[in-house]
Protein chains: 2
Amino acid sequence: MTDSTLLVFGSDPAPRLDRLSGRARVVFADEDSLPGLLPSADALLVWDFTSDAVRDAWPGGGPRPRWVHTASAGVDRLLSPELTSSDVVLTNARGVFEQPIAEYTAGLVLAMAKDFHGTWELQRRKRWRHRETMRLADSRAVVVGSGPIGRAVGRTLAALGVSVELVGRTERENDSEFGRVHGNAALEDLLPSADWVISAAPLTESTHGMFDARLFGLMRPTARFLNVGRGPLVVERDLAAALRKGALAGAALDVFEHEPLAGDSELWDLPGLLVSPHMSGDTVGWRDALADQFMDNFDRWAAGKPLLNVVDKRLGYVPVP
Amino acid sequence: MTDSTLLVFGSDPAPRLDRLSGRARVVFADEDSLPGLLPSADALLVWDFTSDAVRDAWPGGGPRPRWVHTASAGVDRLLSPELTSSDVVLTNARGVFEQPIAEYTAGLVLAMAKDFHGTWELQRRKRWRHRETMRLADSRAVVVGSGPIGRAVGRTLAALGVSVELVGRTERENDSEFGRVHGNAALEDLLPSADWVISAAPLTESTHGMFDARLFGLMRPTARFLNVGRGPLVVERDLAAALRKGALAGAALDVFEHEPLAGDSELWDLPGLLVSPHMSGDTVGWRDALADQFMDNFDRWAAGKPLLNVVDKRLGYVPVP
């Protein structure tokens with residue numbers, strides 16, 4: 001295996017790669033060099049997962065990496081038709097982001113329930129103004145996304161006493177944790193009584209733009225919407241319109257159609273909208289955790305063992321058993 | 001019992017009192033009329049619990065109410081030496097505030113772990129700046145106060161994966177929920193490794209001013225301190241000094257030595273300090289819940305049954321069995 005070549009995409013060097021010394025030739029690529037280097041690589045580590053460069057550079061045919069690992073949960077930016085239809089194995093960072101994203105989401109939900117934002121605005125103005133806030137226990141959340149992230153979000157909210165309904169691609173009964181996982185068709189029934197609607201789905205052809213004027217129209221004026229999945233799950237102009245006309249009480253977006261969010265975007269100061277810069281899963285030590293996870297898979301690859309976190313490229317995520 | 005007189009202190013009328021029609025004479029008192037009305041009252045409902053008027057007006061001897069109910073968890077503002085040493089029964093609002101305060105505290109903890117305040121400052125300036133935040137799971141909290149509020153706070157943080165140590169007046173092993181409840185003396189050992197130090201104790205002679213320079217000096221520079229108990233548990237100038245010199249990473253106060261906090265207080269814009277106006281327990285419907293709770297106790301009182309939530313006036317709270 002010393003002869004194998006690992007191509008690492010990303011200018012910001014991944015930690016831990018020194019552990020590969022003597023075991024693989026490690027070559028670093030940036031956007032410019034990537035197309036020329038891909039054909040000679042045996043494996044590709046997508047360390048910078050915030051660009052479309054890999055999808056754009058992926059070879060239509062001929063030599064190419066047999067294994068691609070991305071240091072992200074979502075694989076939407078990688079999947080070209082050529083990659084999807086090939087026998088290249090794609091693995092992802094399932095396991096690293098779930099709990100941090102669940103904590104972040106629970107924090108946003110509590111912050112909105114307790115109106116921390118309003119309190120801190122009043123603090124800036126040195127104003128003491130007592131208000132009544134919302135009790136979280138017994139409120140109702142609909143979590144869209146029944147993969148590991150959606151499940152962790154649902155579990156954490158349930159631990160806070162929230163009544164949680166999980167919605168996924170495939171309806172099923174007898175889920176060991178949530179009892180029933182609803183299909184998307186159930187949203188029509190679930191959204192009108194939800195206090196919290198949380199988008200934590202992978203971005204696929206069937207989820208692209210799913211949160212649009214129709215779904216926002218089903219929510220009640222006291223409901224809040226959160227997106228911690230992928231930006232393009234949401235039609236931003238429809239969300240902005242819903243917030244402006246008071247069809248929703250508030251929203252929080254950690255992900256956006258275009259990132260970073262442009263300085264002149266209307267979303268920065270839309271009433272009731274909390275903006276954060278795609279950081280919900282990124283807790284101190286996350287880069288080490290991502291590198292360790294890749295190293296574990298590299299050891300398996302080098303030993304010819306089955307890899308962990310193999311993505312079903314047609315579904316666009318690692319199927320939950 | 002129709003002949004009995006219920007005195008209600010508070011200009012803001014309590015809901016539900018119409019249910020007493022024909023069962024008791026209901027008389028309302030403000031600060032001025034309170035001293036004159038107390039001697040002829042059989043029972044006193046302290047609906048406005050934010051003033052010292054009842055303590056100041058409490059008769060030293062002679063006729064006085066035989067039962068005092070306060071619509072608050074803390075009884076510190078009521079307890080005069082005369083009331084404490086008398087056989088007057090004092091009951092409180094135990095049961096109404098625990099879960100809301102626990103949610104509020106968990107929200108503050110998450111908001112600090114995830115630096116929501118920093119994110120919202122950046123949003124105001126329309127700046128996209130990704131940061132790594134703190135993972136809450138496996139962090140360590142010390143909750144001071146082993147009554148119902150401290151326990152609810154501890155339970156909620158534990159549900160979020162936090163390792164919780166509870167500190168109370170009386171050390172004990174084999175607590176059904178927390179295993180061990182530490183005595184105050186253990187703070188010296190516990191504080192140096194705590195990420196979160198949460199004050200949720202009743203205000204008594206032994207807790208007054210307990211969070212002072214000495215205790216802040218035991219905390220680590222990355223720790224955060226929260227007070228959701230009573231303002232005078234904390235020596236505010238010592239906390240301010242600790243924050244200024246970076247001996248603590250941050251703090252959140254919902255209660256203060258003097259409330260409302262004066263407009264010119266240094267606490268409004270102390271670096272790293274979050275100020276909220278004594279509202280952690282006050283969720284929508286709390287006033288109805290307080291009134292219902294009083295009515296239940298009134299029914300017991302009228303029927304000559306034992307009252308619920310009887311305060312041990314020497315301890316200053318309802319003892320947990």
Side-chain angles (χ1 to χ4, degrees), chain A residues 50 99-100 102-117 119-137 156 158-161 254 256 259-265 267-269 273-287, chain B residues 50 99-100 102-117 119-137 156 158-161 254 256 259-265 267-269 273-287:
Chain A
T50 67
Q99 192 53 35
E103 289 181 358
Y104 199 92
T105 306
L108 284 173
V109 162
L110 279 165
M112 290 196 268
K114 306 304 179 184
D115 191 25
F116 287 165
H117 195 262
T119 297
W120 296 342
E121 277 296 315
L122 288 164
Q123 181 178 352
R124 289 202 318 121
R125 293 156 51 204
K126 306 191 180 187
R127 296 282 295 277
W128 179 278
R129 195 187 295 160
H130 177 276
R131 291 104 62 216
E132 296 178 354
T133 64
M134 179 181 169
R135 190 172 176 139
L136 194 61
T156 302
L160 291 167
D254 187 56
F256 300 86
E259 296 177 10
L261 189 63
D264 62 354
S265 167
L267 298 178
W268 286 112
D269 49 11
L273 180 63
L274 305 177
V275 167
S276 58
H278 199 151
M279 59 189 270
S280 74
D282 306 344
T283 47
V284 172
W286 67 303
R287 290 161 48 86
Chain B
T50 67
Q99 191 53 36
E103 291 181 357
Y104 199 91
T105 306
L108 284 173
V109 163
L110 279 165
M112 289 195 270
K114 306 305 178 184
D115 191 24
F116 287 165
H117 195 261
T119 297
W120 296 342
E121 276 296 315
L122 288 163
Q123 180 179 354
R124 288 200 320 120
R125 294 155 51 203
K126 305 191 180 188
R127 295 283 295 277
W128 179 278
R129 195 187 295 161
H130 177 276
R131 290 105 63 216
E132 295 178 356
T133 64
M134 179 182 170
R135 190 173 175 138
L136 194 62
T156 302
L160 291 167
D254 186 55
F256 299 86
E259 298 176 7
L261 189 62
D264 62 355
S265 168
L267 298 178
W268 285 111
D269 49 10
L273 180 63
L274 305 177
V275 167
S276 58
H278 200 152
M279 60 189 269
S280 73
D282 306 344
T283 47
V284 171
W286 68 302
R287 291 161 48 86

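Only this structure's heavy atoms are used, side chains among them; waters, hydrogens and symmetry mates stay out. Below, chain A is the first sequence line, B the second, and so on; all start at residue 1.
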TODO: Determine, step by step, whether A/Thr156 and B/Leu160 satisfy the side chain to side chain contact (heavy atoms under 4.5 Å, CB included) criterion, reporting the C-alpha distance in whole Å, the side-chain angles of both residues, the deciding distance to 0.1 Å, and the verdict.
DONE: CA-CA 7 Å; A/Thr156 302; B/Leu160 291 167; 3.6 Å; yes
Open item on the list: Tell me the closest heavy-atom pair linking A/Leu136 and B/Glu103, and the distance in Å.
Closed with: N-OE1, 2.7 Å
Task: Heavy-atom closest pair, residues B/Thr119 and A/Ser276 - done: CG2-CB, 3.6 Å
Open item on the list: Tell me whether the rings of A/Trp268 and B/Trp128 are parallel (<30°), tilted (30 to 60°) or perpendicular (>60°).
Closed with: perpendicular
Open item on the list: Can you classify the ring geometry of B/Phe116 versus A/Tyr104 as parallel (below 30°), tilted (30 to 60°) or perpendicular (above 60°)?
Closed with: perpendicular
Task: Pick from A/Arg125, A/Arg127, A/Arg287, A/Met134 with the largest number of heavy-atom pairs that fall under 4.5 Å of chain B - done: A/Arg127
Open item on the list: For the interface with chain B, which of A/Arg124, A/Glu259, A/Arg129 has the highest count of heavy-atom pairs at distances below 4.5 Å?
Closed with: A/Arg124
Open item on the list: Check this for me, if you would: do B/Lys126 and A/Asp264 make a salt bridge, where the nitrogen-to-carboxylate-oxygen distance has to be below 4.0 angstrom?
Closed with: no
Task: Max heavy-atom pair count under 4.5 Å with chain B, selected residue of A/Gln99, A/Arg131, A/Glu132 - done: A/Glu132
Task: Greatest number of heavy atom pairs closer than 4.5 Å to chain B - which of A/Asp269, A/Leu261, A/Leu274 - done: A/Leu274
Open item on the list: Quick check on the interface: out of A/Gly107, A/Ala113, A/Ala102, who has the most heavy-atom pairs with chain B under 4.5 Å?
Closed with: A/Gly107
Open item on the list: Over 60° means perpendicular and under 30° means parallel, so tell me whether B/Trp286 and A/His130 are parallel, tilted or perpendicular.
Closed with: tilted
Open item on the list: Tell me if a side-chain donor or acceptor on A/Gln123 pairs with a main-chain N or O of B/Leu273 at a distance below 3.5 Å.
Closed with: yes
